[in-house]
Amino acid sequence: MIVNLNLQNKKIIIIGGGNEAQKRINSLLKQECDITIIADSINSQITKLTKTKKIKVIKQKVVDTKFISKLKPNMIITTTNDRKINQKIINAAKKKGITVYSSDNPEDSDFSNPAIIDFENMIQIAIFTGGQSPAMSKKIKEKSEKALKKTITKEDIAQIKIQKMARKLAKEVIDTPDQRRECLRSIMRDNEIDQLIKDGQMKKAEKKVSTILRNWK
Ligand SMILES: C[C@@]1(CC(=O)O)c2cc3[nH]c(cc4nc(cc5[nH]c(cc(n2)[C@H]1CCC(=O)O)[C@@](C)(CC(=O)O)[C@@H]5CCC(=O)O)C(CC(=O)O)=C4CCC(=O)O)c(CCC(=O)O)c3CC(=O)O
Ligand SMILES: NC(=O)C1=CN([C@@H]2O[C@H](COP(=O)(O)OP(=O)(O)OC[C@H]3O[C@@H](n4cnc5c(N)ncnc54)[C@H](O)[C@@H]3O)[C@@H](O)[C@H]2O)C=CC1
């Protein structure tokens, strides 16, 4: 089952500082969460990231699981190339009811990472083979990316921004979910708004949306 994790303000610990850690940090940085890396060595890309982004680093080898009670994380991601320590961390986290992921152990992890196609941080499309073939997920991602870039337009992304603003206002000014849905659909179909979006006139589009919503009966 693919779901999205809401990690806003969550405390996340990543053990290890190699390629896998780097992939996980890059996805975590899309949300406002508190990231701490514990590793005895950190690759150059992660070092660069720690200089520009808010990431804490504890430079040490993890030999036991005491860091869990000390740092009290909401989630632990272990990415070391040491199976034994990864397993120890998984077991300790599970005992404490902490969400855990290990790069070398999909069976014991609480979630999986699909291949992601991202459009301007506004739309994410996930490709997942249920752990059967990560390499095929990557290949299908690369194949579909080209096709999707032709299907998902700049205007679609602008319409998401319009819809975000519209549904916030709709919740304030329209009483029932059915009516809100109908109104949001009519905004999506509105030729005038469509044209304003195409012309890059976002402020005018928003104004028109606001008028439609406030006069909705
Ligand atoms: C189960 C899963 C972990 C999870 O649940 O999160 C998992 C597990 C493992 N992958 C391993 C190897 C490789 N992983 C990749 C690549 C990716 N792996 C990703 C996801 C997942 N990998 C999850 C299932 C996803 C699904 O089923 O769709 C992607 C899609 C997303 C991401 O990592 O963010 C990302 C591409 C992202 C992109 O480019 O966008 C490549 C290819 C390459 O690097 O070129 C290889 C080498 C070739 C191969 O093995 O296929 C090994 C070590 C095996 C060993 O020791 O040999 C394990 C551990 C194990 O199998 O035990
Ligand atoms: N889920 C996936 O898609 C993939 C999973 N893997 C698995 O992930 C593991 C890690 O892969 P990479 O990041 O490429 O390896 P890597 O060798 O680049 O990084 C390992 C990191 O762990 C650190 N480390 C090792 N023992 C430690 C300890 N006790 N305490 C703190 N830090 C420690 C090292 O200093 C290094 O920074 C692999 O062994 C493999 O099993 C590998 C490729 C893809």
Side-chain angles (χ1 to χ4, degrees), residues 1-43 45-47 49-118 121-138 141 164 167-168 171 177:
M1 174 172 68
I2 297 183
V3 292
N4 187 55
L5 291 175
N6 176 3
L7 300 174
Q8 183 94 9
N9 299 323
K10 296 281 187 258
K11 186 167 187 178
I12 297 151
I13 293 185
I14 300 176
I15 314 292
N19 295 326
E20 267 306 298
Q22 192 186 319
K23 283 203 281 182
R24 302 292 69 95
I25 294 165
N26 279 328
S27 356
L28 290 171
L29 282 171
K30 294 191 192 294
Q31 293 197 42
E32 287 289 321
C33 51
D34 176 340
I35 307 171
T36 302
I37 303 168
I38 312 178
D40 50 352
S41 88
I42 288 174
N43 77 16
Q45 248 105 338
I46 300 180
T47 307
L49 277 177
T50 59
K51 283 181 182 147
T52 53
K53 308 277 178 188
K54 268 197 283 168
I55 303 172
K56 289 177 213 115
V57 180
I58 302 174
K59 222 166 187 181
Q60 70 181 45
K61 190 180 164 100
V62 173
V63 290
D64 55 36
T65 57
K66 283 185 193 142
F67 71 93
I68 302 180
S69 352
K70 206 173 144 200
L71 300 172
K72 299 191 173 50
N74 300 104
M75 181 193 285
I76 304 174
I77 295 177
T78 180
T79 69
T80 83
N81 44 8
D82 178 342
R83 277 195 93 81
K84 276 193 188 148
I85 193 70
N86 287 343
Q87 191 65 51
K88 261 195 201 170
I89 293 167
I90 295 175
N91 297 346
K94 282 196 185 290
K95 256 192 191 157
K96 289 187 155 55
I98 298 169
T99 307
V100 67
Y101 172 89
S102 180
S103 293
D104 65 355
N105 192 339
E107 290 78 19
D108 286 343
S109 293
D110 290 326
F111 58 89
S112 298
N113 293 280
I116 304 282
I117 306 172
D118 179 84
N121 270 337
M122 295 286 286
I123 307 169
Q124 282 79 38
I125 293 169
I127 320 251
F128 188 52
T129 70
Q132 298 179 91
S133 172
M136 277 306 293
S137 280
K138 185 175 178 178
K141 178 191 92 171
K164 179 187 174 189
R167 64 197 297 272
K168 185 166 180 274
K171 283 181 187 164

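Nothing here was measured: the structure is a model prediction, and the numbers come from that model.
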Once rounded to the nearest 0.5 Å, what's the spacing between atom [atom1] of [X] and atom [atom2] of [Y]?
| X | Y | atom1 | atom2 | answer |
| --- | --- | --- | --- | --- |
| Phe128 | Ile116 | CZ | CD1 | 10.5 Å |
| Ile38 | Thr36 | CD1 | OG1 | 7.0 Å |
| Ile35 | Ile13 | CD1 | CD1 | 12.0 Å |
| Gln8 | Glu32 | CD | CD | 6.0 Å |
| Ile15 | Ile85 | CD1 | CD1 | 8.5 Å |
| Thr80 | Ile89 | OG1 | CD1 | 6.5 Å |

Would you name the heavy atoms of Gly16 and Ala39 that are closest together and state the gap between them?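 In this case the closest contact between Gly16 and Ala39 is C-CB, 3.5 Å.
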Give me the atom names and distance for the closest heavy-atom approach of Ile68 to Ala92.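 Of all heavy-atom pairs spanning Ile68 and Ala92, the closest is CD1-CB, 3.8 Å.
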NZ of Lys164: more than 12 outside heavy atoms within 6.0 angstrom?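 Counting neighbours around NZ of Lys164, 12 or fewer heavy atoms of other residues, nucleotides or ligands fall under 6.0 Å, so no.
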Return yes when atom NZ of Lys88 has more than 12 non-hydrogen atoms of other residues, nucleotides or ligands closer than 6.0 Å, and no otherwise.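 No, not enclosed.
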Under the criterion side-chain hydrogen bond (donor to acceptor under 3.5 Å, both in side chains), which of Asn105, Asp82, Thr78 is the partner of Gln87?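 Considering Asn105, Asp82, Thr78, a side-chain hydrogen bond (donor to acceptor under 3.5 Å, both in side chains) with Gln87 is found only for Asn105.
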Polar side-chain atom of [X] near backbone of [Y] as donor-acceptor pair, under 3.5 Å:
| X | Y | value |
| --- | --- | --- |
| Asp118 | Gln124 | no |
| Gln31 | Leu7 | yes |
| Ser133 | Thr129 | no |
| Arg24 | Ile14 | no |
| Ser109 | Ser102 | yes |

Please lay out, stage by stage, how Ile37 and Thr50 fare under the test side chain to side chain contact (heavy atoms under 4.5 Å, CB included). CA-CA 10 Å; Ile37 303 168; Thr50 59; 4.3 Å; yes
Under 3.5 Å, is there a donor-acceptor pair between the Gln60 and Asp40 side chains?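 No, no side-chain donor-acceptor pair sits under 3.5 Å.
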Could you tell me whether the side chains of Ser103 and Glu20 share a donor-acceptor contact shorter than 3.5 Å?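 Yes, because at least one side-chain N or O of Ser103 sits under 3.5 Å from a partner of the opposite role on Glu20.
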What I'd like to find out is whether the side chain of [X] reaches to under 4.5 Å of the side chain of [Y], using heavy atoms alone.
| X | Y | value |
| --- | --- | --- |
| Ile12 | Leu28 | yes |
| Lys141 | Pro114 | no |
| Met1 | Phe111 | no |

Name the one of Lys72, Lys56, Lys10 that satisfies salt bridge (Lys or Arg N to Asp or Glu O under 4.0 Å) with Asp34?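 Exactly one option meets the salt bridge (Lys or Arg N to Asp or Glu O under 4.0 Å) with Asp34, and it is Lys56.
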Criterion salt bridge (charged side-chain N to carboxylate O under 4.0 Å, His left out) on Lys94 and Asp110, from CA distance to verdict: CA-CA 9 Å; Lys94 282 196 185 290; Asp110 290 326; 3.1 Å; yes
Mind running side chain to side chain contact (heavy atoms under 4.5 Å, CB included) on Cys33 and Met75 for me, showing each step along the way? CA-CA 11 Å; Cys33 51; Met75 181 193 285; over 6 Å; no
Decide side chain to side chain contact (heavy atoms under 4.5 Å, CB included) for Asp64 and Val62; before the verdict, give the C-alpha distance in whole Å, the side-chain angles of both, and the deciding distance to 0.1 Å. CA-CA 6 Å; Asp64 55 36; Val62 173; 5.7 Å; no
Check the pair Asn113 / Tyr101 against side chain to side chain contact (heavy atoms under 4.5 Å, CB included), numbers first and verdict last. CA-CA 10 Å; Asn113 293 280; Tyr101 172 89; 3.1 Å; yes
